[in-house]
Amino acid sequence: MEALHEELPFDLDFHPSSPLVVTSLITGELCIFRYGPESQPERLVSVKAHKESCRAVRFVDSGKVILSGSADCSVLASDVESGKAIARLQDAHENAINRLVCLTESTIATGDDDGCIKVWDTRERACCNSFDVHDDYISDMTYVADSNQILATSGDGTLSVNSLRRNKVRSRSEFSEDELLSLVVMKNGKKVVCGTPSGALLLYSWGYFKDCSDRFLGHTQSVDTMLKLDEETLVSGSSDGVIRLVGILPNRIIQPLAEHSEYPIEALAFSNDKKYLGSISHDKMLKVVNGDKPADDSDDDSDDDAMDVDMAATSSKGSRSKKAGKGQSSSRPASDFFADL
């Protein structure tokens, strides 16, 4: 199943309960699609949400609201059914927003092009934590609920561990030779895996973040985005256009799952029931692959390669390399944002 965008998509997310997927575009648009097992994704909504590129998007509030972050430095809350704006934080960051992740039902985190991470409390309608640990763009973030910490990777080549409970940076890795583009937590929290432009996966042991404990050189090109499938395996999206199933400790490429005809993979996400894998690429295509349906080798004209693995794991994440465009300095108070939610 696939749908072509008119412009380059940067991020995607699946609805938590309905067969809907949202994508965000370089033009600042949001597109909402309905997908199904026997049909191509149907575009329901296409709306201009931001003045500049929309780099990050997530469903929140049980899927009633879409939050999006943009190079125009704003975070927008939009109604899912109509796509209309509900509330906007005009100057959430001083620099372009590159990442947005949901932490709890009432908190989100955003990361910008200058390495700043902010945590927003929707109940208090304000920024409650801020971490200025990195020297370059935030490429990926993930939330570790057990320890109430945000892990982040950056274009400066470091991994950081940020405590929300203490509002301080707990640890930061030494500078690696490459930028760090993506991350997942594996092995029941014992290992953190980071993707790099060279294609190497760097493995860090929990509690020993100064330097990586292992390197896996199975990819030939940049690993821009990753999803955790289970504690032993992850799904990687590479700049060669191939989506792969990857085993961790033992490290191995298990099999390719899908491809975007040699166009770099921009983001990956799992559906709410984990039966579908969504991907977007520089070919401007949204692909939704059914994990329960075996591949049909007789259909030579289709690029919609189906997966033959049981998708039964974790929350979706995407990763992002730095995009062009900067925003204006922050002047508007954060308390405006969730006032209408």
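Side-chain N or O atoms of Glu231 include one that pairs as donor or acceptor with a backbone N or O of Asn188 at under 3.5 Å. Between the side chain of Ser53 and the backbone N or O of Gly28 there is no donor-acceptor pair closer than 3.5 Å. Counting only distance, with no hydrogens or angles, the side chain of Ser154 and the backbone of Asp136 share a donor-acceptor pair below 3.5 Å. At distances below 3.5 Å, not a single donor-acceptor pair connects side-chain atoms of Lys287 with backbone N or O atoms of Ala3. Between the Asp13 side chain and the Phe59 main chain, a donor and an acceptor come within less than 3.5 Å of each other. Side-chain atoms of Ser182 do not come within 3.5 Å of backbone N or O of Asp140 as any donor-acceptor pair. In this structure, Ser24 contributes its side chain and Val57 its backbone to no donor-acceptor pair below 3.5 Å. Within the 3.5 Å criterion, the main-chain N or O of Val161 finds no donor-acceptor partner in the side chain of Gln149. Counting only distance, with no hydrogens or angles, the side chain of Asp156 and the backbone of His134 share no donor-acceptor pair below 3.5 Å. Under a 3.5 Å cut-off, the side chain of His15 and the backbone N or O of Ser17 do form a donor-acceptor pair.
Applying the salt bridge (charged side-chain N to carboxylate O under 4.0 Å, His left out) test to every pair with at least one member in residues 23-36, sequence neighbours left out, gives these pairs: Arg34-Glu42. Here salt bridge (charged side-chain N to carboxylate O under 4.0 Å, His left out) pairs that include residues 241-258, with residues two or more places apart or in two chains, are Asp240-Arg244.
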Under 3.5 Å, side-chain donor or acceptor atoms of residues 202-209 against the rest of the protein: list the pairs with distances, not counting sequence neighbours.
residue : atom : partner : partner atom : Å
Ser205  : OG   : Lys191  : NZ           : 2.6
Ser205  : OG   : Ser213  : OG           : 3.3

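There is no path of hydrophobic side-chain contacts, each under 4.5 Å, that joins Ile243 to Tyr263. Placement of Val47 and Leu25 in two distinct hydrophobic clusters is found when ILVMFWY residues are connected by side-chain heavy-atom separations under 4.5 Å, directly or transitively. In terms of hydrophobic clustering, with Ile, Leu, Val, Met, Phe, Trp and Tyr side chains grouped at heavy-atom distances under 4.5 Å, Val242 and Leu277 are assigned to different clusters. Linking ILVMFWY residues whenever their side-chain heavy atoms come closer than 4.5 Å, directly or via other members, leaves Phe175 and Leu159 in distinct clusters. Taking hydrophobic clusters as Ile, Leu, Val, Met, Phe, Trp and Tyr residues chained together by side-chain heavy-atom distances below 4.5 Å, Leu30 does not share a cluster with Met285.
Of the charged side-chain nitrogens involved, at least one lies within less than 4.0 Å of a carboxylate oxygen, so that Arg172 and Asp135 count as a salt-bridged pair. Ion pairing between a basic and an acidic side chain is recognised when a charged N comes within 4.0 Å of a carboxylate O; Arg55 and Asp112 show no such pairing. Ion pairing of Glu81 with Lys64 is absent here, as no side-chain N (NZ or NE/NH1/NH2) approaches a carboxylate O to less than 4.0 Å. At a threshold of 4.0 Å, the pair Asp11-Arg58 counts as salt-bridged, since one of the basic side-chain nitrogens sits closer than that to a carboxylate oxygen.
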Check: How far apart are the C-alpha atoms of Thr153 and Ser139, what are their side-chain angles, what is the distance that settles it, and do they pass the side chain to side chain donor-acceptor pair (under 3.5 Å) test?
Finding: CA-CA 6 Å; Thr153 51; Ser139 57; 2.9 Å; yes
Next item on the list: Could you go through the side-chain contact (heavy atoms from CB on, under 4.5 Å) check for Asn251 and Asp214 one step at a time?
Entry: CA-CA 10 Å; Asn251 301 328; Asp214 194 8; 3.0 Å; yes
Notebook entry, point to check: Could you walk me through whether Phe33 and His5 pass the ring pair (Phe, Tyr, Trp, His ring centres under 6.0 Å) check?
Noted result: CA-CA 11 Å; Phe33 297 87; His5 296 86; 5.5 Å; yes
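Between the side chains of Tyr137 and Glu179, at least one donor-acceptor pair of N or O atoms lies under 3.5 Å. Using modelled atom types and a 3.5 Å distance limit, the side chains of Ser239 and Gln221 yield a donor-acceptor pair. When only modelled atom types and interatomic distance are considered, Thr158 and Ser173 share no side-chain donor-acceptor pair under 3.5 Å. At a cut-off of 3.5 Å, with distance as the only test, a side-chain donor of Ser198 or Asp178 sits close to an acceptor on the other residue. Checked by atom type, the side-chain pair Trp120/Thr110 shows a donor-acceptor distance below 3.5 Å.
Other residues, nucleotides and ligands contribute over 12 non-hydrogen atoms within 6.0 Å of the CZ atom of Arg43. Counting non-hydrogen atoms of neighbouring residues, nucleotides and ligands closer than 6.0 angstrom, the NZ atom of Lys51 reaches no more than 12 such neighbours. Other residues, nucleotides and ligands place more than 12 heavy atoms under 6.0 Å from the NZ atom of Lys48.
When each of Val288, Val22, Val21 is checked for a side-chain contact (heavy atoms from CB on, under 4.5 Å) with Leu12, only Val21 meets the rule.
Side-chain contact check for Leu181 versus Val223: every heavy-atom pair is 4.5 Å or farther apart. Residues Val60 and Cys102 are in side-chain contact: their nearest non-hydrogen atoms beyond the backbone lie under 4.5 Å apart. The shortest side-chain heavy-atom distance between Val246 and Ile254 does not fall under the 4.5 Å cut-off. Under the 4.5 Å side-chain criterion, counting only non-hydrogen atoms from C-beta, Val235 is in contact with Leu245.
Among all heavy-atom pairs drawn from Ile32 and Val80, the shortest one is CD1-O, 3.3 Å.
For Tyr35 and Tyr276, the ring centers sit closer than 6.0 Å to each other.
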